[in-house]
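Everything numeric here is computed off the predicted structure, so don't read it as measured data.
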Amino acid sequence: QVQLVESGGGLVQAGGSLRLSCTASGRTFPSYALGWFRQAPGKEREFVAVISWSGANRYYADSMKGRFTISRDNAKNTVYLQMNNLKPEDTAVYYCNTGGRILSSDSYRPGDYWGQGTQVTVSS
């Protein structure tokens with residue numbers, strides 16, 4: 001089993017920044033990507049960003065390009081999501097995921113392993 005624990009969420013004003021972290025423990029999958037998703041109230045979960053194991057490939061949803069940066073530290077089994085210029089519409093619970101597969105530059109099929117989520121609230 002793989003356990004994923006997110007942290008770093010909180011309340012921030014529009015235009016501010018947050019950095020989310022997700023640390024994996026238990027059985028890890030060095031050949032798998034790590035991704036971030038988010039879910040706003042009343043909406044479906046949506047893809048945010050994904051990074052390959054090597055870090056060589058990073059893909060983002062269109063609305064996050066230029067504002068969000070995904071990175072990882074394999075020695076710490078941790079993936080990060082740096083979020084800048086946050087907007088009220090970024091308010092959501094953010095989840096990390098692993099065990100999935102990058103299908104293309106704009107498509108990531110999530111795996112079975114999800115974190116518990118961390119709340120991000122952006123005030124206007």
Between CG of L20 and CD1 of I70, what distance do you get to the nearest 0.5 Å?
-> 10.0 Å

Roughly how far, to the nearest 0.5 Å, is the CG atom of L34 from the CH2 atom of W53?
-> 7.5 Å

Should V120 and F68 be regarded as members of a common hydrophobic cluster, given that ILVMFWY residues are connected when their side-chain heavy atoms come within less than 4.5 Å of each other, either directly or indirectly?
-> yes

For the pair N97 (side chain) and W114 (backbone), establish whether a donor and an acceptor sit closer than 3.5 Å, ignoring hydrogens and angles.
-> no

Side chains of N77 and T23: do they bring a donor and an acceptor to under 3.5 Å?
-> no

Return the minimal non-hydrogen interatomic distance between A92 and A40, and the atom names on each side.
-> CB-N, 3.8 Å

Under a single-linkage definition using a 4.5 Å side-chain heavy-atom cutoff for Ile, Leu, Val, Met, Phe, Trp and Tyr, are L81 and L86 assigned to the same hydrophobic cluster?
-> yes

With no hydrogens and no angle check, is any side-chain donor or acceptor of R72 less than 3.5 Å from a backbone partner on S52?
-> yes

Output the distance between atom OG (S7) and atom CD (Q116), rounded to the nearest 0.5 Å.
-> 8.5 Å

Do D73 and Y80 come close enough that some side-chain heavy atom pair is under 4.5 Å?
-> yes

Heavy-atom pair with the smallest gap, counting every atom of Y60 and T69 | OH-CA, 3.4 Å

For A33 against T98, the heavy-atom pair lying closest together | O-OG1, 3.0 Å

Between L4 and A24, the two heavy atoms sitting closest are CD2-CB, 3.6 Å

K87 and D90 ion-paired at < 4.0 Å = no

Between CG on residue N85 and CE on residue M64, distance to nearest 0.5 Å = 13.0 Å

Report yes if the side chains of M83 and R67 come closer than 4.5 Å at any heavy-atom pair, otherwise no.
-> no

Can you tell me how far the CD atom of E44 sits from the CD atom of Q39, to the nearest 0.5 Å?
-> 8.5 Å

E6 side-chain N/O to G117 backbone N/O, donor-acceptor pair under 3.5 Å = yes

Min side-chain heavy-atom separation E89-V122 under 4.5 Å | no

Find out if a path of hydrophobic residues (ILVMFWY) with successive side-chain heavy-atom gaps under 4.5 Å connects Y113 to F37.
-> no

Could you label the plane-to-plane angle of the F47 and Y108 rings as parallel, tilted or perpendicular, counting under 30° as parallel and over 60° as perpendicular?
-> tilted

Identified side chain to side chain contact (heavy atoms under 4.5 Å, CB included) partner of L18 from the options T118, V12, N84 = V12

Interatomic spacing from CD in Q119 to CG in L11 - rounded to 0.5 Å | 9.5 Å

State, with a plain yes or no, whether a side-chain heavy atom of W36 is found less than 4.5 Å away from one of V79.
-> yes

Check: T121 side chain, G10 main-chain N or O, donor-acceptor pair, under 3.5 Å | no

